[in-house]
Amino acid sequence: MKTSLPIVAYLNPLAPDAPEGMMQLDSRIMQGLPHTMALLPRWRAVLTLPTGLARTWLDLPPETLVSASLWEGDAMPAPEPPSWPSRPAPRLRLQRDGGTLAVLPLAAGLVAEVAGPDGRLWLRLQLRGWALHAGTVRGAGEFGSSLSLSVAAADLAADAFGPLPPSPAVVARLPVAERMESRSGFKVAMRLRRLVQLRERIR
């Protein structure tokens with residue numbers, strides 16, 4: 001792919017739509033980090049930003065945007081380099097009854113399925129968007145930070161089923177004009193059968 005064309009900067013894919021049946025949740029971050037967001041009964045999400053750079057956040061103006069989902073849709077490269085030495089990496093902890101079952105990176109449009117200890121799916125979640133400002137990283141206050149998710153329980157069986165496929169015996173009795181079948185697989189099977197018979201004769 002030719003990467004020198006200007007249009008390449010605008011080829012970032014848009015975030016996918018939330019799957020059908022998911023509930024949309026929006027939360028303003030007012031008490032700093034970590035930020036806890038209730039999802040479903042017994043479920044919560046905890047937003048954290050581990051950096052270890054306390055001095056950096058103290059020096060930045062509180063309204064400075066530290067991390068945002070909108071950046072992933074902007075043209076690349078960024079017009080200005082960040083003012084900190086490394087890119088912030090927010091994390092979202094998904095907890096059930098206080099225990100952490102999954103830790104997700106913040107990525108726009110991310111759709112995740114969380115399984116329980118028994119291997120069965122318990123939760124389906126989509127990260128719709130977020131915005132974190134330097135003031136929120138330092139502590140409580142209204143700085144415009146927010147988190148938007150879509151969530152649905154995934155521990156229920158399907159309540160609708162499609163029609164069962166017809167029996168091969170029934171399909172074989174239908175007139176040729178009323179059925180559709182592939183002959184390529186049949187030809188391959190016949191060739192393999194002939195090779196097996198030839199090998200048995202050689203022995």
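Worth saying up front: this structure is predicted, and the values here are computed from it rather than measured. Computation of the quantities below employed the complete heavy-atom set of this structure, encompassing side-chain atoms and omitting hydrogens, waters and symmetry-equivalent molecules.
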Is there side-chain contact between [X] and [Y], with heavy atoms separated by less than 4.5 Å?
{"X": "Leu125", "Y": "Leu39", "value": "yes"}
{"X": "Val137", "Y": "Phe143", "value": "no"}
{"X": "Val151", "Y": "Trp43", "value": "no"}

Q) Is there a donor-acceptor pair under 3.5 Å between the side chain of Arg124 and the backbone N or O of Met22? A)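 No, because the side chain of Arg124 does not come within donor-acceptor range (under 3.5 Å) of the backbone of Met22.
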Shortest non-hydrogen separation from [X] to [Y] and the atoms involved:
{"X": "Leu110", "Y": "Pro105", "value": "CD2-O, 3.5 Å"}
{"X": "Gly21", "Y": "Ala152", "value": "O-CB, 3.9 Å"}
{"X": "Gln24", "Y": "Ser150", "value": "CG-OG, 3.5 Å"}
{"X": "Ala115", "Y": "Leu101", "value": "O-CD1, 4.4 Å"}

Q: Determine the sole option in Ser69, Ser67, Ser148 for which the side-chain hydrogen bond (donor to acceptor under 3.5 Å, both in side chains) test with Trp130 is passed.
A: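 Single pass found, and it is Ser67.
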Q. For Ser145, which residues count as a side-chain hydrogen bond (donor to acceptor under 3.5 Å, both in side chains) partner, sequence neighbours excluded?
A.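 With neighbours one apart ignored, the set is His133, Thr136.
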Q.
Checking Ser146 now: which residues fulfil side chain to side chain contact (heavy atoms under 4.5 Å, CB included) with it, not counting sequence neighbours?
A.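 Expected list: Ala131.
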(Q) Among residues at least two apart in sequence or on other chains, which ones pass side chain to side chain contact (heavy atoms under 4.5 Å, CB included) with Val46? (A)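 Checked Val46 against side chain to side chain contact (heavy atoms under 4.5 Å, CB included); matches are Pro34, Thr36, Arg44, Thr48, Arg93, Gln95.
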Q) Leu132 and side-chain contact (heavy atoms from CB on, under 4.5 Å): which partner among Leu47, Leu147, Thr64, Leu65? A)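 So the option named by the test is Leu47.
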Q.
Using the salt bridge (charged side-chain N to carboxylate O under 4.0 Å, His left out) criterion, which residues pair with Arg42? Sequence neighbours excluded.
A.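 Once residues adjacent in sequence are excluded, the partners of Arg42 under the salt bridge (charged side-chain N to carboxylate O under 4.0 Å, His left out) criterion are Asp97.
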Q) Any salt bridge (charged side-chain N to carboxylate O under 4.0 Å, His left out) pairs touching residues 22-41, not counting sequence neighbours? A)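 Applying salt bridge (charged side-chain N to carboxylate O under 4.0 Å, His left out) to every pair that reaches into residues 22-41, excluding sequence neighbours, yields Asp26-Arg128, Arg28-Glu142.
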**Q.** Selection residues 103-112 - residue pairs positive for side-chain hydrogen bond (donor to acceptor under 3.5 Å, both in side chains), sequence neighbours left out
**A.**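 Residue pairs passing side-chain hydrogen bond (donor to acceptor under 3.5 Å, both in side chains), neighbours aside: none found.
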Q.
Check for me, please, whether Leu92 and Val103 land in the same ILVMFWY cluster - side-chain distances under 4.5 Å, paths through other members count.
A.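 Different clusters.
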Q: Working to the nearest 0.5 Å, report the span between CG of Leu149 and CG of Leu127.
A: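 Result: 6.0 Å between the selected atoms.
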